[in-house]
Number of protein chains: 2
Amino acid sequence: MKLLLISNSTNQGEAYLDYPKGDIKAFLGAEIKKTLFLPYAAVSFSYDEYANKVQDRFNEIGYEVDSIHLHKNPIEAVRQAEAIVVGGGNTWHLTRMIHDYNLVDVIRDKILKGIPYVGWSAGSNMACPTIKTTNDMPIIDPKGLHAFNFIPFQINPHYLDANPEGHAGETREQRIEEFLEVNQHIYVLGLREGTMLKVLNNHIELIGPRPARIFRKGHKVVEIQPGENLDFLMK
Amino acid sequence: MKLLLISNSTNQGEAYLDYPKGDIKAFLGAEIKKTLFLPYAAVSFSYDEYANKVQDRFNEIGYEVDSIHLHKNPIEAVRQAEAIVVGGGNTWHLTRMIHDYNLVDVIRDKILKGIPYVGWSAGSNMACPTIKTTNDMPIIDPKGLHAFNFIPFQINPHYLDANPEGHAGETREQRIEEFLEVNQHIYVLGLREGTMLKVLNNHIELIGPRPARIFRKGHKVVEIQPGENLDFLMK
């Protein structure tokens, strides 16, 4: 299994998908030519626009972006794919489309057989057992909270430590603690912006300039630095 | 119909439920003695603790807090209630419990017959047609996104204007725009912290020190000041 699970497409003040492009290239390698792209997390812009935006960046690293919305038969498109790329946006809309097109099992099969998967933001949420640790607004009924379940833990992308000054709502950490109250036997990894997880079978590497924050019910919260061992999350 | 829909229990640096207590007293009035409290949004603390915390504050304004979790028959407790109070916490957990106990219809009936409803945060989300504009993490399957549907528009409680400095995730406004893309014929009201809506039949009053922000697909975003007319939201 080969996964590159990226927290966020874009760091503040940078160009779209710029910071992770080198990592995507290193991950996909030289043999892959074409990636099957799922643009379903786009809501306030079109799938065409989304695919073009990603193609612009992927041109720089030498991959074709073949968007699934242009295929008459999305399941067959997945069966033929060399690599699958799932972009961010709204996790709920993404999940609904994936469920409506019955893509969970066919994508899971392909990934378990070894084709690479790249996701960012909502695309990283989808790699988890469920979308129960998304930050997004539930604008549409997803027809079930289950996701691809490639990994046995939950990622919270765009993990952030504090609220804006003066805001009294729950912090992200408090929200994750609530998740753990009702989901006690699972890890949650807070994946800060600018960072990503590379998963090769049962080995996980954290890439980027910031530590990840690991939560589990009954355990002390820990910060794991890039380079430290994260493989315990796969057990 | 009498609703008091509060953005947030507590302003930063203040005591729990302190700022809205005068408004709650003015709203409930002198005839009500006992309120039926729904503590189901509590996740990381017990229902007992939650009810006690609210009772402490309600003692100051002269109301008994009768928590529904202490009743063997929650539906019967609703039928006997003089007023219903729904506290904040996690909207998903609140919704799940309300659905599990089959409370939507019985509570809606009571409120449409005129007993007062006070909600804050998750309790304000529940007054809307659905919980699709909640900010909370979907830690549990709610068994449907439908809520009490007292009002025909959506509230986004804890509405905030900006992300923390340096954070690149979508802003609240961008999330609401996504909601409007897939829910085009409904208003969303961004209810800033420290403010609340008092709804008396088809009349709405905004109370507090900040304007509300009104969104609708195809319309310019508008800021409505306390005192301006909001009754168009009820049509």
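Note that this is a predicted model, so its numbers are computed, not measured. Convention: sequence-line order gives letters A, B, ...; per-chain numbering from 1.
Proximity to chain B is limited to the side chain of A:N156, based on heavy atoms less than 4.5 angstrom apart. For chain A, the nearby part of B:T10 is the backbone; its heavy atoms alone come within less than 4.5 Å. The contact between A:T134 and chain B is made by backbone and side chain atoms together, counting heavy-atom distances below 4.5 Å.
Annotation: the span from B:E170 atom CD to A:S121 atom OG amounts to 6.0 Å, rounded to 0.5 Å. In this structure, OG1 in B:T130 is found 11.0 Å from CD1 in A:I139, a value given to the nearest 0.5 Å.
For the pair B:L145 and A:D141, the tightest heavy-atom approach, listed with the atom from each and the gap, is CD1-CA, 3.6 Å. Nearest heavy-atom pair, A:I131 versus B:P138, reported as atom, atom and distance to 0.1 Å: O-CG, 3.6 Å.
Contact of the B:R172 side chain with the A:M137 side chain is registered, since non-hydrogen atoms from C-beta on lie closer than 4.5 Å.
Interface residues of residues 173-195 of chain B toward chain A, defined by a heavy-atom distance below 4.5 Å and sorted by number: B:R175, B:I176, B:E178, B:F179, B:E181, B:V182, B:N183, B:E193. Residue-level contacts of residues 205-219 of chain B with chain A do not occur; threshold 4.5 Å between heavy atoms.
Top candidate by heavy-atom pairs under 4.5 Å with chain A, chosen from B:P157, B:A42, B:G89, is B:G89.
Environment of CG in B:D105: sparse, with no more than 12 heavy atoms of neighbouring residues, nucleotides or ligands closer than 6.0 Å.
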